[in-house]
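Structure record follows, encoded as structure tokens.
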There are 2 protein chains.
Amino acid sequence: MEDEVDRLVAAWRRERPDLDVEPLEVLSRVSRLARHLDRARRTAFAEHGLEPWEFDVLTALRRAGSPYQLSPGQLLTQTLVTSGTMTNRIDRLTGKGLVKRLPDPDDRRGVLVRLTDDGRDRADQALAGLLAHERELLAQLTSTQQGELAGLLRQLVAPFDNIP
Amino acid sequence: MEDEVDRLVAAWRRERPDLDVEPLEVLSRVSRLARHLDRARRTAFAEHGLEPWEFDVLTALRRAGSPYQLSPGQLLTQTLVTSGTMTNRIDRLTGKGLVKRLPDPDDRRGVLVRLTDDGRDRADQALAGLLAHERELLAQLTSTQQGELAGLLRQLVAPFDNIP
DNA sequence: CGCAAGTATCTCGACATCAAGATATATCCC
DNA sequence: GGGATATATCTTGATGTCGAGATACTTGCG
């Protein structure tokens, strides 16, 4: 089955036969797939009354395990946003009663963000919904292929995650 | 080499052993890799004085071949943004002298967006720069692996690109 | 000890995006 | 042909994000 990137690459080969556009076969597909995923996730989360960014923050805290708290700095590295964005997110989640800020007992510069009981439930429900949707998307691939794909992607992401 | 998604999945297995989080192995990596790529592209384009969104529009027109023109609607489907966004982008690119709007001779509702000579040169230069950067990122994989990866990604993206 | 450099978080202004609605034109069918 | 429906683009208002700078506290070095 052909996709938009096949057409994109064919067009470049026609217009710029002097260039090797092979890298686009992988990386343009990653970018485009990510945009489609964003849209799909937005609709999946809407069923649970959450925005994607809310899900990102709540689940990061949920994964941390009891007592479900992390510093804003730890949340930054997990969600790949800037500090100004995270402050804003925490403010809004606090307003909705899904998280609360606590002073860090070990460092008076810092704070800890903790999930409320309500926030934990919302995160758990939304995760189950997300996984159901994602399983449908991945039905295009066999289990073996999914494993191969995960492995290849890991090799590309690892340098970003380990050198910062 | 371990990546952030390995840690994420391990955390979920510890916190929610009742759930099958296998889909995240693929799709979370796609999302995270895309965010890293966005940042890398931003710096690559900065060398040529372009923003990523400017590159997206200019190269779509460049790929169309002489006379390098497309309708706003065609640009929408290629760049995955909304119509309001595209209007804004065309306005700004027009202001920078990289594209210009022409009336569509066949449909008086429509317009055609055409690349200027300056816009074409900028697109060509930025593309070469982008490919150089991307080749470095992909050096993690053999040529064969890149082909496999492209094929697997195509299977996931194709439904989005062909059913809309 | 005391000061410089580093770190954690927040503030603020600019900006790109989106969604929904408005406008103008085209197409379809009776 | 004429009116309903569809299409192409633009407008508007709200919103989330970024990036640079500010503040407060901590750490390291002399």
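When reading the values below, keep in mind they use all heavy atoms of this one structure, side chains included, and skip hydrogens, waters and symmetry mates.
A:E54 has its CD atom 13 Å from the P atom of D:dT15, to the nearest Å. As a whole-Å value, the separation of B:R39 CZ from D:dG19 C1' is 12 Å. Distance, B:R89 CZ to D:dT11 C1': 18 Å, rounded to whole Å. Taking atom CZ of residue A:R42 and atom C1' of nucleotide D:dT15, one finds them 11 Å apart after rounding to whole Å. Straight-line distance from the CD atom of A:E51 to the P atom of C:dC18: 14 Å, rounded to whole Å. The CG-P distance, from A:L93 to C:dC10, rounds to 13 Å in whole Å. Between the CG atom of B:L75 and the P atom of C:dT17 there is a distance of 13 Å, given to the nearest Å. The separation between B:L112 atom CG and D:dA8 atom P is 13 Å, rounded to whole Å.
Of the candidate nucleotides D:dT9, C:dC18, D:dG16, D:dG16 has the atom nearest to the side chain of A:W53. Side-chain proximity of A:T85 to the nucleotides C:dT17, D:dT9, D:dT17 is greatest for D:dT17.
Within the 4.5 Å cutoff, the side chain of B:L156 has heavy atoms near those of the B:V26 side chain. Between B:R89 and B:T79, some side-chain heavy-atom pair lies under the 4.5 Å cut-off. Here the side chains of A:P103 and A:R108 are not in contact, with every heavy-atom distance at 4.5 Å or above.
Of the possible polar contacts, one joining the A:E54 side chain to the A:E51 backbone as a donor-acceptor pair under 3.5 Å is found. Remark: the backbone N or O of A:D20 is paired with a side-chain donor or acceptor of B:R135 at under 3.5 angstrom. Remark: side-chain polar atoms of B:T59 are not paired, donor with acceptor, to backbone N or O of B:A123 under 3.5 angstrom.
Listed in residue order, the members of residues 101-110 of chain B having a heavy atom less than 4.0 Å from DNA chain C are B:D107, B:R108, B:R109. Contact check of residues 27-35 of chain A against DNA chain C (heavy atom, cut-off under 4.0 Å) returns A:R35.
Across all strands, A:G84 comes closer than 4.0 Å to base atoms (heavy-atom distances).
In the model, B:S31 has no side-chain atom that pairs as donor or acceptor with a side-chain atom of B:S28 under 3.5 Å.
In this structure, B:R62 is not positioned above the aromatic face of A:W12 in the sense of NZ or CZ being under 6.0 Å from the six-membered ring centre and within 45° of the axis.
Residues B:V30 and A:V5 fall into different hydrophobic clusters, defined by Ile, Leu, Val, Met, Phe, Trp and Tyr side chains chained together at heavy-atom separations under 4.5 Å.
Applying the 4.0 Å criterion to OP1 and OP2 of C:dA16, one finds that B:R92 has a side-chain N or O inside that range.
Summary of the strand contacts: A:N88 and B:D91 both lie near DNA chain D, and taking for each the nucleotide with the nearest heavy atom, the more 5' one is attributed to B:D91.
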